Amino acid sequence: MSDQIKFIVDNLNKEPFRKNYNLITFDSLEPMQLLQILNDVLAEIDPKQVVDIREEMPEHTAKRMLSLLGILKYKPPGNATDMSTFRQGLVIGSKPVIYPVLHWLLQRTNELKKRAYLARFLIKLEVPSEFLQDETVADTNKQYEELMEAFKTLHKECEQLKTSGFSTAEIRRDISAMEDEKDQLIKRVERLKKRVETVQNHQRMLKIARQLRVEKEREEFLAQQKQEQKNQLFHAVQRLQRVQNQLKSMRHAAADAKPESLMKRLEEEIKFNSYMVTEKFPKELESKKKELHFLQKVVSEPAMGHSDLLELESNINEINTQINQLIEKKMMRNEPIEGKLSLYRQQASIISRKKEAKAEELQEAKEKLASLEREVSVKTNQTREFDGTEVLKGDEFKRYVSKLRSKSTVFKKKHQIIAEFKAEFGLLQRTEELLKQRHENIQHQLRTIEEKKGISGYSYTQEELERVSALKSEVDEMKGRTLDDMSEMVKKLNSLVSEKKSALAPVIKELRQLRQKCQELTQECDEKKSQYDSCAAGLESNRSKLEQEVRGLREECLQEESRYHYTNCMIKNLEVQLRRATDEMKAYVSSDQQEKRKAIREQYTKNITEQENLGKKLREKQKAVRESHGPNMKQAKMWRDFEQLMECKKQCFLKQQSQTSIGQVIQEGGEDRLIL
């Protein structure tokens with residue numbers, strides 16, 4: 001209870017109440033003050049509840065608060081007897097009654113505001129049936145219901161727009177961007193017009209360009225129509241082929257089938273269709289109607305909050321527990337006859353479920369068969385379009401498949417042989433590449449070693465020697481040269497090698513000097529590059545500073561320009577106001593009555609007098625309504641009592657009529673006899 005009071009005090013001290021209470025002062029409030037605080041909270045939720053409790057009768061106050069709490073779906077704790085105590089406590093301002101109400105209201109103020117707002121438009125006024133017999137009243141009631149439905153749809157759209165994430169700022173930015181784009185396009189069009197005006201016969205060229213655009217649009221429209229007609233033709237051809245296939249299948253079935261099989265098939269189809277029409281479809285239709293009725297009921301109810309959903313879930317759980325308890329009690333009775341009947345019922349329900357499942361499977365199989373037939377017809381049409389030949393059927397297709405299988409086995413064997421050859425060829429090719437690469441690597445290593453040792457070309461000369469020696473051996477074998485010729489050839493070759501070495505020695509010395517010079521130049525280049533980078537970085541920083549200064553000066557210039565334009569606008573507005581004030585003074589001071597009537601002061605005084613007269617009339621009307629309110633309420637109560645009395649008479653008459661229709665009771669000799 002203390003947490004509840006603390007929560008109430010904290011919320012009352014905040015906006016929009018600002019009561020400045022603490023726990024002691026709030027607990028010491030009188031019942032009338034508590035009722036006034038409750039009324040203030042209700043007035044915050046529904047502005048119509050702004051009333052001073054001291055000027056209102058307690059019965060009217062309790063009735064008004066109870067009706068609003070009923071609209072807000074407040075459920076006081078307890079049963080029917082507690083409801084009477086709740087009403088009495090609300091009338092006298094009892095703390096155990098007021099505190100829970102305040103706690104509940106302050107917990108969900110925003111949600112209850114929305115609910116009260118919707119209740120103003122969604123609570124339907126009950127019109128008696130005898131009044132609805134009048135056409136004008138019935139039409140008005142119908143318009144009222146239509147307006148209520150329209151309000152529901154508009155409110156839903158409004159909530160969706162609120163939660164969709166669109167904001168007015170974004171829309172304004174988009175509009176401003178579109179306006180800027182529009183201005184840019186207008187300027188671009190004007191520039192293009194100025195350019196075109198200098199060209200000769202520009203009007204004729206513009207006319208031709210306009211005609212070209214129109215013809216292009218017409219061409220696109222005709223192409224679209226052509227495509228639509230092609231699609232329609234394709235669908236018509238497909239439909240024709242589908243009908244032809246159905247006709248062929250029906251003729252084939254009629255040619256091959258016997259009358260007995262046809263009759264049997266038709267009887268099965270009739271049984272299946274009669275089951276679907278008499279049992280399955282009515283059940284589905286009834287379930288759909290129930291679901292639709294439930295959804296309409298949910299839609300017709302006002303919006304529910306999280307607390308309402310929690311209450312419904314708790315009620316559902318309680319009802320489920322009660323159902324389970326009743327089932328357990330029924331099972332504990334163990335009546336034999338009921339047990340046997342339950343077995344038969346279970347078997348019947350199982351058979352019906354199996355029947356429904358098989359019917360659904362048969363329906364799905366039929367739909368699948370129809371879809372497969374459509375796919376087959378589409379595929380046959382595609383094959384005809386590609387090849388122009390008919391699709392093979394029956395024995396021809398089997399022979400074609402056997403030929404394909406034999407050819408596929410031969411193809412697989414040949415393909416395997418080719419794959420083996422390809423693998424062997426790839427292996428040999430790879431070995432050749434590896435050997436070539438190894439030879440190139442060895443040659444490269446040999447050249448680098450020769451260059452390091454200063455005998456570049458030695459391997460080449462050696463190869464030449466080997467080649468020459470091979471040639472020499474061949475020549476010796478062929479022509480029988482002697483060993484002297486070979487020694488002379490070796491001497492010549494050695495002399496050539498020595499000459500090459502002596503020729504390469506100065507070149508190697510020069511290369512060493514050039515390498516040393518290259519190292520010095522690269523070092524100097526690196527130093528110059530570092531100097532350049534430091535200088536470029538300094539210049540870049542200076543440039544960025546200058547750009548920032550320029551940007552700041554431009555912004556200041558723009559601000560000054562906007563301030564200048566703003567001051568000019570303000571000056572013009574002040575001049576207009578000054579002109580209006582001088583005109584008003586002239587009209588007010590002038591002796592001409594027509595000019596005085598044109599003055600704003602005279603118009604305002606005239607409007608004030610008219611409004612005052614209207615206020616007086618409305619107050620008089622309000623007074624008359626207040627005076628006639630009590631008699632009218634009494635008359636309405638009398639009509640309701642009269643209606644209840646007539647309803648009671650009607651029920652008594654119906655009961656008496658039902659008793660007389662059954663029979664007549666006669667008392668004779670202390671005995672009662674019933675005569676039918």
Side-chain angles (χ1 to χ4, degrees), residues 142 145-146 148-150 152-153 156 231-232 234-301 304 309 312-313 315-317 319-320 322-324 326-327 330-331 337-381:
K142 189 176 179 182
E145 290 176 354
E146 290 175 354
M148 189 180 289
E149 294 296 328
K152 286 180 184 178
T153 55
K156 286 179 183 177
N231 293 329
Q232 290 176 1
F234 178 71
H235 292 308
V237 170
Q238 280 187 345
R239 201 179 299 116
L240 178 63
Q241 289 174 357
R242 193 162 51 247
V243 172
Q244 287 176 355
N245 292 327
Q246 289 178 0
L247 182 61
K248 284 180 182 178
S249 63
M250 289 174 72
R251 283 177 180 173
H252 183 71
D256 295 339
K258 295 179 181 179
E260 292 82 3
S261 62
L262 286 173
M263 288 296 292
K264 191 175 180 181
R265 194 187 308 158
L266 288 171
E267 285 176 358
E268 289 177 356
E269 287 183 359
I270 288 165
K271 285 180 182 179
F272 175 72
N273 291 327
S274 63
Y275 167 72
M276 295 292 286
V277 171
T278 57
E279 295 184 14
K280 192 169 186 301
F281 287 157
K283 287 180 182 178
E284 290 181 355
L285 184 64
E286 190 66 27
S287 64
K288 294 292 182 185
K289 283 182 179 178
K290 286 180 181 178
E291 189 176 357
L292 180 63
H293 179 69
F294 178 71
L295 292 173
Q296 286 177 352
K297 189 177 178 182
V298 170
V299 170
S300 63
E301 289 182 357
M304 298 177 71
L309 292 173
L312 287 174
E313 286 180 358
N315 292 329
I316 290 165
N317 292 325
I319 292 165
N320 287 327
Q322 290 176 5
I323 290 166
N324 292 326
L326 290 171
I327 291 166
K330 188 176 179 182
M331 290 174 69
I337 298 168
E338 289 292 331
K340 290 178 181 179
L341 289 174
S342 65
L343 286 173
Y344 292 132
R345 284 172 188 161
Q346 286 177 1
Q347 289 177 0
S349 63
I350 289 165
I351 290 165
S352 64
R353 282 198 294 272
K354 285 183 179 179
K355 193 175 179 182
E356 290 176 358
K358 293 297 179 184
E360 288 178 357
E361 288 178 2
L362 182 59
Q363 191 71 20
E364 289 176 358
K366 283 186 176 181
E367 291 176 356
K368 193 173 182 182
L369 180 62
S371 65
L372 289 172
E373 286 177 354
R374 286 195 295 272
E375 288 180 3
V376 168
S377 63
V378 170
K379 297 295 182 185
T380 52
N381 295 328

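Here the structure is a predicted model, which is why all the values come from computation and not from measurement. We count residues from 1, following the sequence as given.
- Residues meeting the side-chain contact (heavy atoms from CB on, under 4.5 Å) test with E269, sequence neighbours left out: R265, L266, N273.
- Contact annotation: the side chain of F281 approaches that of E284 to within less than 4.5 Å [non-hydrogen atoms, C-beta and beyond].
- Of the charged side-chain nitrogens involved, none lies within less than 4.0 Å of a carboxylate oxygen, so that K283 and E286 do not count as a salt-bridged pair.
- Test I316, N317, I323 against I319 for side-chain contact (heavy atoms from CB on, under 4.5 Å) and you get one pass: I323.
- Going from atom CG of L362 over to atom CD of E367 covers 10.0 Å, rounded to the nearest 0.5 Å.
- Here E145 pairs with K124 under the side-chain hydrogen bond (donor to acceptor under 3.5 Å, both in side chains) rule; sequence neighbours left out.
- Remark: K289 NZ to Q296 CD distance equals 12.0 Å, nearest 0.5 Å.
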